[in-house]
Amino acid sequence: MCVCTCKPAYDSSVTDAQWALIEPLLPRPAAVLGGRPYVHSRRLIIDTISYVLVSGCAWRLVPHDLAPWSIAYQWFRAWTRDGTWDRVHEVLRERVRTTDGRDPQPSAAVLDSQSAKSSEGGEQIGYDAGKRVRGRKRHLLVDTLGLVLHVVVHSASVQDRAGARLMLSGARARFPLLGLVWVDGGYVNSVDAGLVGWARRSEGLEVVAVPRNADVKGFQVLPRRWVVERTFGWLTRCRRLARDYERKTAHAEAMIKFAMIRLMAARLAGEELPAPRSDIEKEAARRLAEDLKD
């Protein structure tokens, strides 16, 4: 009978190359405080959180050879509260942009939202009458590479234009070079174009709508907007993000940031990402390849 006690590697676990990028960015305990050493390594904590994110399982159902669910959840909650996920995410995003030959600070972005069903109670649960979804709405602001600049999760009942103001408030303070934001026609229409004027006056941003062609039925790849659609595709590969299982909006936002941390760490480590599967992702990959040639 095999008595090997080696920890099995799950597909969701970070690789050595990814861990080398993430580990220096995580907070370290102060040596002067003393106290007991940690029983579970920080890498095992990250692997446990990653398993929950990718598999979509409940915290209490993580395998026994990972960290206990209560310990992993405690660290996930603590690192959400103290801004650890934000700091790691921002550092890796700037590194990816620099590696790609871009300025660390973006000058243009794409804004869109996604309504996700909620299977639990919790904060800010509402009904999106347009999409007939009860749950929450995820608002993403991404750069031209599809990397998340800012994320806000709120009730699905909040209209897109109101959610856009939440997203764009203070955007120039966080990203001084940002001057152009592409949105879909739902944010700017003949009934209410107030978002454009507000963004120009308050934030110094030019909001440009990319409308859908009403004459074309079915799937369409729209200029600029496909970038954020591809990002939503990246996120929903993580089964935890296929629905909104979090009771707190801060935890829902943290799961999105953690998913992007995994993606960016893999890209910086030179590891292959999963091949595009949907029509949107395939067309987005083709257009990105064309853009890189120019």
Side-chain angles (χ1 to χ4, degrees), residues 2-93 116 118-124 136 138 148 151 153 235-266 268-269 271:
C2 177
V3 294
C4 178
T5 59
C6 298
K7 182 181 78 66
Y10 294 95
D11 290 341
S12 59
S13 300
V14 297
T15 64
D16 291 341
Q18 294 172 21
W19 178 244
L21 293 164
I22 296 173
E23 192 269 341
L25 304 177
L26 297 176
R28 295 180 177 275
V32 296
L33 297 180
R36 294 172 54 190
Y38 292 140
V39 176
H40 306 285
S41 69
R42 294 184 301 169
R43 181 168 182 174
L44 188 61
I45 297 297
I46 292 293
D47 282 349
T48 306
I49 298 172
S50 186
Y51 185 90
V52 172
L53 172 71
V54 176
S55 70
C57 76
W59 284 99
R60 295 173 184 269
L61 299 181
V62 296
H64 294 296
D65 51 358
L66 292 173
W69 76 267
S70 58
I71 302 299
Y73 178 71
Q74 177 184 349
W75 280 108
F76 172 77
R77 183 176 57 188
W79 285 342
T80 299
R81 188 187 308 116
D82 67 10
T84 293
W85 303 127
D86 293 322
R87 291 189 293 271
V88 176
H89 180 268
E90 289 175 6
V91 170
L92 293 183
R93 184 187 65 235
S118 176
S119 62
E120 303 287 343
E123 300 175 340
Q124 299 192 40
R136 296 194 181 111
R138 301 162 178 164
V148 174
V151 55
V153 177
L235 295 176
T236 51
R237 286 177 179 174
C238 300
R239 295 178 67 88
R240 184 81 179 187
L241 298 177
R243 296 173 70 99
D244 193 326
Y245 292 99
E246 314 305 326
R247 297 190 65 85
K248 296 184 177 181
T249 55
H251 291 177
E253 294 169 2
M255 277 294 181
I256 293 174
K257 294 168 187 173
F258 184 68
M260 291 302 299
I261 287 171
R262 294 180 69 254
L263 185 147
M264 292 186 293
L268 289 169
E271 298 169 355

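Keep in mind that what you see is a predicted model, and the values were worked out from it rather than measured.
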Applying side-chain hydrogen bond (donor to acceptor under 3.5 Å, both in side chains) to D11 and not counting sequence neighbours gives none

With a 4.0 Å cut-off on N to O distance, would you call R240 and E246 a salt bridge? yes

Shortest non-hydrogen contact from Q124 toward V153: OE1-O, 4.3 Å

Before you tell me yes or no, could you show the steps for M255 and W85 under side chain to side chain contact (heavy atoms under 4.5 Å, CB included), namely the whole-Å CA-CA distance, both residues' side-chain angles and the distance that decides it to 0.1 Å? CA-CA 9 Å; M255 277 294 181; W85 303 127; over 6 Å; no

Please check this pair: side chain of R77 against backbone of H251, looking for a donor-acceptor N/O pair closer than 3.5 Å. no

Passing option when R87 is tested against D82, L92, L25 for side chain to side chain contact (heavy atoms under 4.5 Å, CB included): D82

Within this structure, what is the CZ-CD1 distance for the pair F258 and I22, rounded to the nearest 0.5 Å? 6.5 Å

Taking all non-hydrogen atoms of both residues into account, name the closest pair between A67 and V62 and its distance. O-CG2, 3.9 Å

Ignoring hydrogens and geometry, is there a side-chain-to-backbone donor-acceptor pair from R43 to E23 under 3.5 Å? no

Between A259 and L53 the two heavy atoms that sit nearest each other are CA-CD2, 3.7 Å

Would a distance-only check, ignoring hydrogens and angles, find a side-chain to backbone donor-acceptor pair under 3.5 Å from S13 to D47? no

Between Q18 and A265 (side chain of the first, backbone of the second, donor and acceptor by atom type, cut-off under 3.5 Å), is there such a pair? no

Evaluate side chain to side chain contact (heavy atoms under 4.5 Å, CB included) for W79 paired with D86, printing each intermediate quantity in order. CA-CA 9 Å; W79 285 342; D86 293 322; over 6 Å; no

Could you go through the side chain to side chain contact (heavy atoms under 4.5 Å, CB included) check for Y245 and V52 one step at a time? CA-CA 11 Å; Y245 292 99; V52 172; over 6 Å; no

Hey, could you give me the CG/CG distance between L268 and L263, rounded to the nearest 0.5 Å? 10.0 Å

Value for NE2 (H64) from CH2 (W69), rounded to nearest 0.5 Å, stands at 13.5 Å

Taking atom CZ of R262 and atom SG of C238, what is their separation to the nearest 0.5 Å? 5.5 Å

Would you check if the side chain of S50 reaches a backbone N or O of I46 as a donor-acceptor pair within less than 3.5 Å? no

Which pair of heavy atoms, one from H89 and one from V148, lies closest together, and at what distance? CE1-O, 2.9 Å

Return the minimal non-hydrogen interatomic distance between L235 and M260, and the atom names on each side. CD2-SD, 4.0 Å

Salt bridge (charged side-chain N to carboxylate O under 4.0 Å, His left out) against R93, all qualifying residues, sequence neighbours excluded: none

With rounding to the nearest 0.5 Å, note down the distance linking CD1 in I71 to NE2 in H40. 5.5 Å

Reported CD-to-CD1 distance for the pair E253 and I256, which is rounded to 0.5 angstrom: 7.0 Å

Contact summary for E271 and T15, nearest pair of heavy atoms: OE2-OG1, 2.6 Å

Are the side chains of F76 and T84 in contact, using a 4.5 Å heavy-atom criterion? no

Is there a side-chain contact between K248 and T80 in this structure, where contact means two heavy atoms from C-beta onward sitting under 4.5 Å apart? no

Looking at residues at least two apart in the chain, or sitting in another chain, which of them share a side-chain hydrogen bond (donor to acceptor under 3.5 Å, both in side chains) with T48? none

